[in-house]
Amino acid sequence: MSLDAYLVEARTQEIVPRRERPIEQEKLSLQFKTEDATEFSEAFLVSSSYDGESKTALLKFYEPVSHKVLSLHDRSGHQPYCFSDLSTEELSGIGQLISHPGLDRFEKITKYDLLRDTPAQFTKIVAKDPLAIGGRPSGCIRDIIPQNSKGKIWEADIPYRDCYIYDEQLALGMPYQLSDGKLSPKPYKLMQQEEEAISKIFENESQELKDHADRWIPLLQSPTTELRRVALDIEVATEIPTRLPDANEAKQQVLCVSLLGSDGTRRVLLLERPGVEFGDVRLPQGVSIERYEDEVRLFIEIFKALLDYPFVITFNGDNFDLRYIFHRAENYLGFSRAQIPIELGKESATLKYGVHIDLYKFFFNRSIQIYAFGQRYKENTLDSVGEALIGVQKLKMDNLLKASYSELAAYCYRDAQITLELTRFDDSLVMRLITILSRIARMPFEDTSRQGVSRWIRSLVYSEHRRIGAIIPRSEDILATKGVTATEAIIKGKKYKGAIVVQPKPGVYFNVSVLDFASLYPSIIKKHNLSYETILCPHQECRSNIVPDTPHWVCTKKRGLSSLIIGSLRDLRVKWYKSKAKDKTLLHVTRSWYNVVNQALKVILNASYGVFGSEIFSLYCPPVAEATTAIGRYAITETIKEAERLGIEVVYGDTDSIFLRSPRPDQIERLTEWTAKQLGMELDVDKLYRYAALSSRKKNYLGVFPDGSVDIKGLTGKKRNTPEFLKKAFEDMVKTLSGVQTEEDFGRARQRIREIVRTCYVKLKNKEYTLEDLAFNVMLGKSPDRYTKTTPQHLKAATQLSSAGLEVVEGDLISYVKVYGSPGVKPLQLASINEVDTDKYMDYVESTFDQVLDALGLEFNEILGIVRLESFFGITVPTRKPVEREFEEEEEVEETG
DNA sequence: GCGGACTGCTTACCT
DNA sequence: ACAGGTAAGCAGTCCGCG
């Protein structure tokens with residue numbers, strides 16, 4: 001077999017003598033050192049940390065011309081601190097505190113207490129280093145002070161890097177300039193037209209809300225820059241091929257490393273091993289393959305890259321690639337920690353020079369998955385995400401150790417390629433999302449890309465407290481006065497009542513208008529002034545301002561912090577970014593950015609209500625969440641009543657939407673005017689269906705748009721776990737339905753659907769489907785040993801897999817088929833077509849089609865009855881490819897009939 | 001001992 | 001580790017049934 005051009009090139013490279021410096025000399029050159037920047041005209045703040053050596057805050061900037069990371073240590077003398085309500089005298093009486101080596105001094109200070117709505121005296125306890133405050137397992141200042149009714153500690157659990165950002169009111173991801181040793185944000189100015197359009201949006205709002213919006217503008221509008229980055233992926237030798245090597249042990253050699261730069265660099269580094277063939281697997285043009293006899297030299301190359309690129313992108317690098325490299329380098333290859341440009345945390349790996357972004361963590365984030373990417377990928381694997389977002393899959397590989405060099409290289413290269421591409425597609429959407437979220441959350445890129453939405457919102461709100469000089473409340477203090485809920489949830493075990501789902505009126509309706517409230521919950525939080533400090537506020541005179549369906553009252557005297565923050569963001573999204581993101585008249589680059597901001601705001605706003613009902617949120621305040629849903633219920637029920645008064649038939653509704661049966665334009669107009677006037681909320685026409693088919697089931701419907709495209713919600717036919725054969729049959733039915741224009745058309749559709757079901761049944765009976773077609777695909781939600789209450793079917797299948805030596809872990813998608821006998825299921829890998837329980841499948845077909853057909857008022861049972869009857873009388877229905885069947889199986893199928 | 005009524009567990013979905 | 005509400009299938013339990 002002939003070698004292609006690149007292979008020749010790669011082989012030629014071998015005979016070029018390398019000028020290699022001695023290893024020890026190379027290692028020494030790896031020691032990371034940096035000097036502070038003295039001046040720059042534009043650089044983007046990307047990271048904040050505490051530098052233990054200089055005992056100061058350290059900022060990292062990305063300078064887009066040189067593509068370098070610039071450092072800047074704090075020179076203001078900022079120090080770590082926390083607050084106590086004890087006086088300096090009282091604190092001085094605590095011997096252990098006074099003698100604490102980390103204590104620097106006390107300061108008297110006044111901070112605003114939002115919970116009590118009054119200024120309050122605090123003592124600022126200033127420390128010499130952050131670990132003195134907290135973070136060590138014992139002996140920290142925050143643990144020394146006795147926690148009594150008086151004698152509490154505030155703000156001791158904020159990481160110092162965040163504390164510094166909040167105090168300096170810095171925003172990560174923003175452009176800054178440094179001149180004469182002075183750091184300042186790059187000024188941003190809107191174009192006059194934009195300025196006018198935006199001020200019009202807020203013309204009827206309070207000054208406070210306007211001020212918030214004004215502060216958001218530069219954060220949301222300032223330009224971003226292309227971030228120079230490298231994707232890194234490693235392959236490691238394993239003893240057991242099915243198991244992932246232990247990154248903390250790092251016992252085995254690193255066999256291959258791919259480094260793909262956004263600058264066009266495409267390197268694959270291979271470790272030479274005896275007896276390995278080069279092979280003839282092709283790699284893309286321009287990939288350079290480098291072969292190393294010595295693993296240490298290979299590592300030196302990795303480290304040089306980690307000291308060169310401002311951003312390093314991995315997929316699971318926190319827990320694998322960088323962790324493995326670190327331990328391998330330290331434990332087996334004789335590198336000192338000073339020579340390894342990686343720092344390991346408990347759950348993350350960071351870099352001494354640049355910023356490490358682990359895409360696994362970012363894509364795993366449920367908010368990102370759902371709101372930013374619309375659930376386009378369903379599994380959190382590089383393969384699944386890559387396939388869904390950029391259409392590139394991983395290469396297949398059976399055994400790393402048996403692979404040729406070129407095969408290994410191609411495999412490893414592909415992984416790095418997907419990783420890099422995931423940060424590049426859609427004009428670097430992912431990098432820009434991380435940037436804009438960091439700006440909004442005031443969080444370093446490293447944290448934004450790793451943490452969840454509750455941390456983003458926490459950080460944003462904390463920064464706001466510092467800006468206005470308010471003490472950040474202790475979670476237990478919020479809970480003490482505002483911890484109880486008054487409504488009862490419908491679902492057992494939930495804390496409070498949620499949204500209303502209107503009982504659908506079953507049937508087919510032509511010309512259905514779907515109206516919904518724009519950003520319902522954020523609108524409520526804005527309009528009704530909801531915030532932890534305003535709900536159940538301390539003022540007697542506010543107690544009559546009651547939230548419907550609850551005993552809670554809301555402050556009438558002061559605007560709540562979260563109401564302002566969420567309210568201003570909501571208005572900017574609903575009235576500016578949402579439409580701009582869709583505006584085809586804008587330049588591509590402009591619209592692309594509006595789209596990024598729109599996505600980011602969507603993620604934040606969608607979670608803004610939920611966090612108040614979540615214990616892990618540091619400002620957890622259940623009455624805020626409860627009041628939000630209560631007002632939501634009030635809004636939708638009142639709107640339905642008004643619709644009915646206007647003579648409009650409401651056939652369905654869920655949380656923030658109502659489905660109206662062929663309303664006249666003037667009726668819609670009167671209704672939306674009414675909600676604007678009476679509820680102060682915007683009700684918009686969201687969708688128009690040519691017809692909608694509703695069954696009696698909530699959250700289950702099918703809507704056909706005028707252009708024939710179809711909305712399917714909640715139906716089994718499109719669920720992930722549904723077997724492929726059924727999804728296809730369902731799809732056929734949907735196609736038929738999408739062609740229905742008038743009531744008369746349903747007659748023909750009915751015939752066609754009958755055919756589809758019949759074919760499905762016959763093919764099942766004749767075993768014409770493949771096992772893959774028949775497989776249910778169910779996610780293993782937790783590790784197998786943690787199922788203690790019941791043994792679901794997918795677990796039974798998973799157990800059989802483990803017995804067969806195939807490891808299953810939490811998060812795996814288990815594929816199984818239903819078979820005769822006990823336990824009734826078999827994993828796809830172990831099953832054969834002859835044992836498939838056709839009857840069970842037929843039941844499943846029935847219930848899947850039932851969901852739609854009883855909506856259409858079609859007698860599905862009749863169709864099914866006929867189909868079954870035909871087979872009962874032995875009428876054979878020819879299909880495309882008839883298959884011979886044994887008589888007994890025929891019998892078995894009939895038993896239930 | 002067996003099956004129907006019931007509850008609870010689990011997953012996947014909707015807003 | 002943002003929330004609650006809903007559907008569906010199955011596992012497990014209780015109880016009646018000569």
Side-chain angles (χ1 to χ4, degrees), chain A residues 361 364-371 375 378 450-458 485 487-504 514 516-517 519-522 525 562 566 603-622 624-630 632-633 636 652-659 686 695-701 711-722 776-782 786-796 811 813-814 818 823-825 840 843-844 846-848 850-851:
Chain A
K361 294 252 170 79
F364 192 78
N365 184 321
R366 276 209 79 208
S367 298
I368 292 295
Q369 196 173 338
I370 295 168
Y371 299 118
Q375 286 203 315
K378 315 252 163 154
R450 284 173 179 78
Q451 300 187 331
V453 64
S454 73
R455 285 305 198 95
W456 301 341
I457 295 176
R458 162 185 140 149
T485 51
T487 58
E488 199 173 329
I490 290 171
I491 307 170
K492 217 184 229 175
K494 300 286 184 187
K495 289 166 287 200
Y496 57 90
K497 190 180 274 194
I500 283 182
V501 187
V502 180
Q503 185 62 52
V514 181
D516 71 356
F517 289 103
S519 279
L520 177 69
Y521 289 164
I525 290 168
S562 46
I566 295 162
V603 171
I604 300 257
L605 289 169
N606 274 325
S608 62
Y609 132 78
V611 293
F612 284 110
S614 167
E615 289 99 329
I616 59 142
F617 183 51
S618 56
L619 302 174
Y620 173 51
C621 187
V624 168
E626 186 178 35
T628 309
T629 57
R633 292 193 298 276
I636 190 170
Y652 178 57
D654 186 348
T655 312
D656 61 351
S657 68
I658 49 174
F659 287 49
D686 179 36
S695 72
S696 58
R697 299 164 187 82
K698 295 171 173 180
K699 298 183 189 284
N700 261 266
Y701 62 87
D711 244 1
I712 299 162
K713 299 291 180 186
L715 303 177
T716 306
K718 79 157 208 183
K719 288 197 178 181
R720 172 172 72 178
N721 56 357
T722 302
F776 289 83
N777 304 291
V778 180
M779 168 90 74
L780 198 59
K782 45 191 178 188
R786 288 181 42 232
Y787 289 86
T788 52
K789 308 254 163 74
T790 56
T791 318
Q793 296 200 320
H794 65 295
L795 179 62
K796 286 179 178 149
L813 204 59
I814 309 292
K818 303 203 180 208
V825 292
K840 287 256 172 51
D843 289 346
Y844 209 78
E846 176 177 350
S847 75
T848 303
D850 239 14
Q851 290 178 340

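These figures come from a predicted structure and were not determined experimentally. In what follows, every chain begins at residue 1, and chains take the letters A, B, ... in the order their sequences are listed.
The two residues A:I616 and A:S454 make their nearest non-hydrogen contact at CD1-OG, 3.4 Å.
Using a 4.5 Å cut-off on side-chain heavy atoms (C-beta onward), A:P792 and A:Y787 make contact. The shortest distance between side-chain heavy atoms of A:S657 and A:D686 does not fall below 4.5 Å. Side-chain contact between A:T722 and A:F776: absent, with no pair of heavy atoms (C-beta onward) separated by less than 4.5 Å. Residues A:K699 and A:V501 form a side-chain contact, since some pair of their non-hydrogen atoms from C-beta on lies under 4.5 Å apart. Considering only heavy atoms from C-beta on, A:Q851 stays 4.5 Å or farther from A:S695 through its side chain. A:R450 has its side chain out of reach of A:R455: every pair of non-hydrogen atoms, C-beta onward, lies at least 4.5 Å apart. Looking at A:I636 and A:I658, their side chains come closer than 4.5 Å, going by heavy atoms from C-beta outward. Taking 4.5 Å as the limit, some side-chain heavy atom of A:R633 sits within range of a side-chain heavy atom of A:T487.
Rounding to whole angstrom units, OH of residue A:Y521 and P of B:dT15 are separated by 13 Å. Counting to the nearest Å, the P atom of B:dA12 and the CD atom of A:Q793 are 14 Å from each other. Atom pair A:K699:NZ and B:dC14:P shows a separation of 9 Å (rounding to whole Å applied). Following rounding to the nearest Å, A:Q375 (CD) and B:dC14 (C1') show an atom-to-atom distance of 10 Å. Separating the OH atom of A:Y844 from the P atom of B:dA12 is a distance of 11 Å, rounded to the nearest angstrom. Residue A:I491 contributes atom CD1, which lies 12 Å from atom C1' of B:dC13 at whole-angstrom precision.
Summary of the strand contacts: A:K497 and A:N606 both lie near DNA chain C, and taking for each the nucleotide with the nearest heavy atom, the more 5' one is attributed to A:N606. Closest-nucleotide positions on DNA chain C for A:G610 and A:P823 were compared, and the one nearer the 5' end corresponds to A:G610.
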Could you list the protein-to-nucleotides 1-3 of chain B atom pairs, N/O on both sides, closer than 3.5 Å?
none

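Within 4.0 Å (heavy atoms only), A:F617 reaches no atom of the nucleic acid at all. Residue A:Q851 is classed as a sugar-phosphate contact, given heavy-atom separations below 4.0 Å to backbone atoms only. Within 4.0 Å of A:G498, counting heavy atoms only, lie sugar-phosphate atoms of the nucleic acid but no base atom. Nucleic acid contact class of A:D516 (heavy atoms, under 4.0 Å, all strands): none. Among the protein residues, A:K796 comes within range of the sugar-phosphate backbone only, with heavy atoms under 4.0 Å from sugar or phosphate atoms but none that close to a base. Note on A:A489: only backbone sugar-phosphate atoms sit closer than 4.0 angstrom, heavy atoms only; bases stay farther off. Heavy atoms of A:I490 sit under 4.0 angstrom from primed sugar atoms or phosphate atoms, though from no base atom.
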Protein heavy-atom contacts under 4.0 Å, written 5' to 3' over nucleotides 4-10 of chain B as B (base), S (sugar-phosphate only) or - (none), form the string ----SSS
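A side-chain hydrogen bond (donor to acceptor under 3.5 Å, both in side chains) with A:K495 holds for exactly one of A:E488, A:E626, A:E615; it is A:E615.
In this structure, the separation between OG1 on A:T848 and NZ on A:K719 is 10.0 Å, given to the nearest 0.5 Å.
Applying the 4.0 Å criterion to OP1 and OP2 of B:dT15, one finds that A:Y371 has every side-chain N and O outside that range.
Residues from residues 714-722 of chain A lying near DNA chain B, meaning a heavy-atom separation below 4.0 Å, are A:G714, A:K718, A:K719, A:R720, A:N721 in numerical order.
Here the range on DNA chain C touched by chain A, meaning any atom under 4.0 Å from one of its heavy atoms, is C:dA1 to C:dG12.
With sequence neighbours excluded, no residue forms a ring-ring contact (aromatic ring centres under 6.0 Å, His included) with A:Y371. Remark: A:Y701 engages A:Y652, A:F659 in a ring-ring contact (aromatic ring centres under 6.0 Å, His included) (not counting sequence neighbours).
In this structure, A:N365 contributes its side chain and A:Q451 its backbone to a donor-acceptor pair below 3.5 Å.
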Given side chain to side chain contact (heavy atoms under 4.5 Å, CB included), test A:Y609 with A:T629 step by step and report yes or no. CA-CA 9 Å; A:Y609 132 78; A:T629 57; 3.4 Å; yes
